Amino acid sequence: MFKILKSLSKSLGSSAKATEAKPAAAKEGTLLDKVSKVSAAAAKAEPPKSPEEMCGITPKMSKDEVKAQLKLLFRRYNRSASSLDAKLRNEADRMLDAIVQMREKHFGEI
Amino acid sequence: MAEYVGIDLGTTLSGLAYLKPDGNPEIVPNADGERLTPSVVFFESHEDVKLVGSAARDGGEPDRTIFQIKRYMDDPEHLVEIDGKKWTPAEISALILSKLKRDCSKICGDINEVVITVPANFNELARKSTIAAAEMAGMKVRRLVNEPTAAAVYYAHSQGVKGRILVFDMGGGTLDTTILDVDGDSIKILTSEGARHLGGSNFDDILLEAYEEQYKKQTGAALYSGERHRRRVLQATEDAKKMLSKLQRVNDTVANDTNSGIARIDLSRDQFEKMIRNMLTRSVFLVEQALDSAKLKPSDIDHVVLVGGSTRIPKVKSMLEKIFGKTPKSCGNVDECVALGAALFAKKSSRIQEVCNASYGTLAMVYNAKTKEEKLMNSIVIPKNTPIPCSRTQVYQTSEDNERVIEVDITQGEDEDAKFVDVIGRLTLDVPPNRPKGCEVAVTFSYDENQRVRALVVDKQSGRSKEVAVTYKGAGVLSDEELKRRSHHLRAMRIE
């Protein structure tokens, strides 16, 4: 596996002048922006999901797999709860509730 | 002059401590004689005065009273409008800090430089806002330190313990968990993890809902019709919560603000614990996350230390005892130890090995040779919890022919999925024309003791390079000029 630097600039004329680090707002139109917009649009069209679906927990998963998945999701959405992106912060709260429900269902109450 | 000063700018309570000549920290009371000052600001309408603390919390008009402003330190859109003027969270916090500075300096001497504590998971904007608030209040921030780190420093100092400590810091608005190694005066932080909106005020809100439900059930009416009465009931729920840490059951009576009668609230500790179970389960996740980050098992922890008012809840203690198999210990006065530790930190920072608060990296198209898939990912250069100071380099390749400008998005966050990280800056570098794709570019991040991050991009073929300070400059960050103007304005205000 190797990494390729994401670079959107194809010619000098279409890019911003070289300057110091710019704010997050400058990312409009980047690949990330497009990815995020597609995800948001897809999410809008979907019907409400169950906590299992939200957490990607399937009946075939072993206890260890469920535990690993919930830990991964908690790390992701707990961090997202402090994101600079307000939409992501809102999504994080719903996800954290679903993660807790799944933990209680599979591993019992604390 | 007080040389070593620490401030705990809390969600519900704030405190200031200084280091006495004998090397022990001491809390400095405010002019009202209180050791801790409620983080509440009241904008008086009749006189040109801003009340801070108990006077602001206990009286006044709700529309002119600001609670828990710390929750909004990273929200550039959260503005409080009073008499036509819009106040930022940093400005409101500056009023609280001004009160502490003005009151406490009468006892401990002039306060010029301070260490201020912040939750471990405070993002870049919230940290910047905190520094701006201190500057507006006329104080230079020597360092920001994570709240659980400060508490651990105090615990190590006051208890003389040695070994691996887990600090569980559940305050008014946030939960932080830090694991550290202590050996005498030498402290090595292994990891700090935090959770937002997980603290005492969330429990108060949950209790408020229970009160509302009970009232509605008994009288058929709503418990409150305005903010003033909601605040009063909220205060009652906070009192009930505190009582439930001592008693198994509390009885309360509440009335609404439209004379719909009185309701009797009967609440047991068991019921309360069930109500906050979701929050407590989240806190268990956070403890496990901290252990995983430090690659430790519960049995590797020698001491579990409780910090913050919410750790008085018996269920919190029993939950931790179940995980670690040992009784958690209190860090003296759980409300004061963060400020006390911050004052100690001001002097001892050189003996405290800290870690990166977040991962730093860049967005990259990553090709997976196995699946032959290419995906936009967050490529981490410096992982979170790397001991600081540190410097790390990753080499990437350009993706297209004839690229004239290399653009490097600077990310903050641990997730590989680009959607779940913050892009906090961008660095651009002009490169020569007519080059094929696949040219190597080295991206280096450096993180120094003052938690300053720098990014260096080097185009290996041409040798061209560019280095910048990685700092969030987006919405909500004041320019130096604006900061100066607002500082000047604030210093002329009457703050009591």
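Order of the sequence lines sets the chain letters (A, B, ...), proteins ahead of strands, with each chain counted from 1. Just so you know, these numbers use all the heavy atoms, side chains as well, and skip hydrogens, waters and symmetry mates. This is a predicted model, so every value here is computed, not measured.
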Under-4.0 Å salt bridge between A:Lys67 and B:Glu288: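 No, no charged N to carboxylate O under 4.0 Å.
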
Could B:Asp292 and A:Lys71 be called an ion pair, given the rule that one side-chain N must be under 4.0 Å from one carboxylate O?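 Salt bridge present between B:Asp292 and A:Lys71.
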
Would you please classify the geometry between the A:Phe74 ring and the B:Phe285 ring as parallel, tilted or perpendicular, with 30° and 60° separating the classes?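 If you compare the ring of B:Phe285 with that of A:Phe74, the planes turn out parallel.
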
Of the backbone (N, CA, C, O) and the side chain (C-beta and beyond), which part of [X] lies under 4.5 Å from a heavy atom of chain A, both, or neither?
{"X": "B:Glu77", "result": "neither"}
{"X": "B:Asp415", "result": "side chain"}
{"X": "B:Lys370", "result": "neither"}
{"X": "B:Lys322", "result": "side chain"}

Heavy-atom pair with the smallest gap, counting every atom of A:Arg75 and B:Ser293: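 Result for this residue pair: NH2-OG, 3.0 Å.
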
Heavy-atom pair with the smallest gap, counting every atom of A:Arg103 and B:Val284: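 For A:Arg103 versus B:Val284, the nearest heavy atoms are NH2-CG1, 3.4 Å.
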
Tell me which of these, B:Leu198, B:Leu280, B:Val431, has more heavy-atom pairs under 4.5 Å with chain A than the rest.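 Result: the option with the highest number of such pairs is B:Leu280.
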
Option in B:Arg277, B:Met319, B:Glu414, B:Lys437 with maximal non-hydrogen atom pairs under 4.5 Å from chain A: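 Between B:Arg277, B:Met319, B:Glu414, B:Lys437, the count favours B:Arg277.
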
Would you please test A:Arg89 and B:Asp74 for side-chain contact (heavy atoms from CB on, under 4.5 Å) and show each step? CA-CA 12 Å; A:Arg89 288 204 297 265; B:Asp74 62 353; 4.3 Å; yes

Just so I understand: if I count every heavy-atom pair under 4.5 Å between each of A:Leu72, A:Leu88, A:Asn78, A:Asp93 and chain B, which residue has the most?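 Most heavy-atom pairs within the cutoff with chain B belong to A:Asn78.
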
Which value, rounded to the nearest 0.5 Å, describes the distance between [X] atom [atom1] and [Y] atom [atom2]?
{"X": "B:Thr281", "Y": "A:Ile99", "atom1": "OG1", "atom2": "CD1", "answer": "12.0 Å"}
{"X": "A:Arg79", "Y": "B:Asp422", "atom1": "CZ", "atom2": "CG", "answer": "4.5 Å"}
{"X": "B:Glu273", "Y": "A:Glu109", "atom1": "CD", "atom2": "CD", "answer": "11.5 Å"}
{"X": "B:His197", "Y": "A:Ser82", "atom1": "NE2", "atom2": "OG", "answer": "8.0 Å"}

Relative to chain B, which segment of A:Glu91 carries a heavy atom at a distance below 4.5 Å: side chain, backbone, both, or neither?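 The answer is the side chain of A:Glu91.
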
Passes side-chain contact (heavy atoms from CB on, under 4.5 Å), A:Asp97 versus B:Arg282? Steps please. CA-CA 9 Å; A:Asp97 278 342; B:Arg282 289 190 196 189; 2.8 Å; yes

Please check if atom NZ in A:Lys63 has more than 12 non-hydrogen atoms from other residues, nucleotides or ligands closer than 6.0 Å.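 Atom NZ in A:Lys63 is packed in, count exceeds 12.
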
